[in-house]
Amino acid sequence: MNKESFSYGIGFHSLEREIVDPVQLQIQGELPRWLEGTLFRTGPSKFEVGQQTYNHWFDGLAMLHRFAFAEGRASYANRFLRSRAYREAERTGRISYREFATDPCRTLFGRLVAVFNPEPTDNCCVNVSNYGGEMVVFTESRLPIRFAPETLATLGVFDYEKQLRGQVSCAHPHFDAARECHYNHMIEFGLRSVYHLFRVKTSGTQEHVAEIPVDSPAYIHSFAMTEHYLVLVEFPLVVSALELKFSGRPFIQNYRWRPERGLRFHVIDKENGREVATARSDAAFAFHHVNAFEDEDILVIDIVAYPDPSIIDQLYLARVRAGTPIDATGMLTRFRVPLGETPVVRQTLAPVALELPRINYENHVGKPYRYIWGAGAQVAGDFLDNIVKIDVETGSVASWYEPGCYPGEPIFVGAPAAKAEDDGAILSVVLDSNKGISFLIVLDAATLTERARALAPHAIPFHFHGNYFPAAMEHRELT
Ligand SMILES: [Fe+2]
């Protein structure tokens, strides 16, 4: 991509307009009649507060989006999450909480305030789930927020019990349908830092599962789950707990890349919390695990792996708004991690850029599987510009691409009574940079052919994650 063809900048600008009462969307093509349910998404939508601008794409104030499907029609609504971070920004006209790469305390006075009052953000712009029996949005602090699925109204913080200790948590909990709980992790920073693994049952009960002491905690955005195990993968982007507390730098700028540490795999038994294996491999960085499963005494763990964490630097707002080419490329990488002493085996499964990976989660999380859908970059240096489907058995890749269009995370929705793993639809919010609006595309999940698109009333800024809940199961756990 050259700068002349740069057109996706609109996806990194604020959307302030809220549509509280759902509006019907114009449909091109035909929505599957069986598509009856709601897609919730969250993402950054306000990048300026007063005269200040957040530094990074990951920092913007969260907005919720709701696409509801019924009888071949689709409606849309969107509202800002009324987090403490949002309300304080509105009240003071200033950025008020530390985000991923923004620290509001730039003055000496501010820095002192930050030391004595290091309140975490509750700007839940990362993911949506049905968690502990409630609809919840997540950021990476221990302050998920509950919201009303019908109105998108903010309800309040999801309260973690005091027994679950830690300041930083994970926005990608895993749902274990057999055990009727989500598993998740939290990092407790201190003189003795600890990774904590825990579960939140559908009933709301919270239980500590395991703790792993750590010298220099890693930045861990997601983790892996198989039928019997949880696997925490430490990437060698690590931080000193003291530096994190006292440096005055934004959160992620305290982390250092230490490739000589390599990758560290911690395998935890789900039932008794024992660490049953540890393993190492060469350095890599990742945000997203794709899936994992057990193959006799080997754990197969698929990750979108980068050679280093330079992707984080490439997503600062000033860079992406200027169209600076993005050349950090994540690829689907398989790690075969032994429960015994044999070495970890690493293999790239498909030579294509990939991010925001999804699978047929309901039927295949933690189990052998074949298909992955993700947002890819077809044009070198471009932002995510296509949707790819990868067959992990054959390595073959299918793609949906339209010039000037930038799709987000592709979510798989299974067809009723589906027999094949890829029998269903893919839903993805696409920014059409030619027309300056977004649309929700519905693809055949098997072939990636377009079935329909629902035209949104505005351009939706690029965002991260969401989930679809069938109408008949609106309150059942899916992820
Ligand atoms: Fe994520």
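Just follow the structure's listing: the first ligand is 1, and inside any ligand the first atom is 1. From a predicted model like this one, the values you see are computed outputs, not experimental measurements.
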> Partners of E450 by salt bridge (charged side-chain N to carboxylate O under 4.0 Å, His left out), sequence neighbours excluded?
Replying inline: R453

Please table the atom pairs, donor to acceptor, closer than 3.5 Å between any side-chain atom in residues 153-160 and protein atoms at least two apart or in another chain.
from: T154; atom 1: OG1; to: R82; atom 2: N; distance (Å): 2.8
from: Y160; atom 1: OH; to: Y131; atom 2: OH; distance (Å): 2.7

> Which residues and atoms, counting only protein N, O or S, are under 2.8 Å from the Fe ion (ligand 1)?
Replying inline: H172 NE2, H221 NE2, H288 NE2, H465 NE2

> Between R321 and E48, is there a salt bridge with N-O shorter than 4.0 Å?
Replying inline: yes

> Any salt bridge (charged side-chain N to carboxylate O under 4.0 Å, His left out) pairs touching residues 227-240, not counting sequence neighbours?
Replying inline: E234-R261

> Strictly by modelled atom types, are H289 and H174 linked by a side-chain donor-acceptor pair under 3.5 Å?
Replying inline: no

> Could you walk me through whether H266 and H185 pass the ring pair (Phe, Tyr, Trp, His ring centres under 6.0 Å) check?
Replying inline: CA-CA 12 Å; H266 299 276; H185 69 81; over 10 Å; no

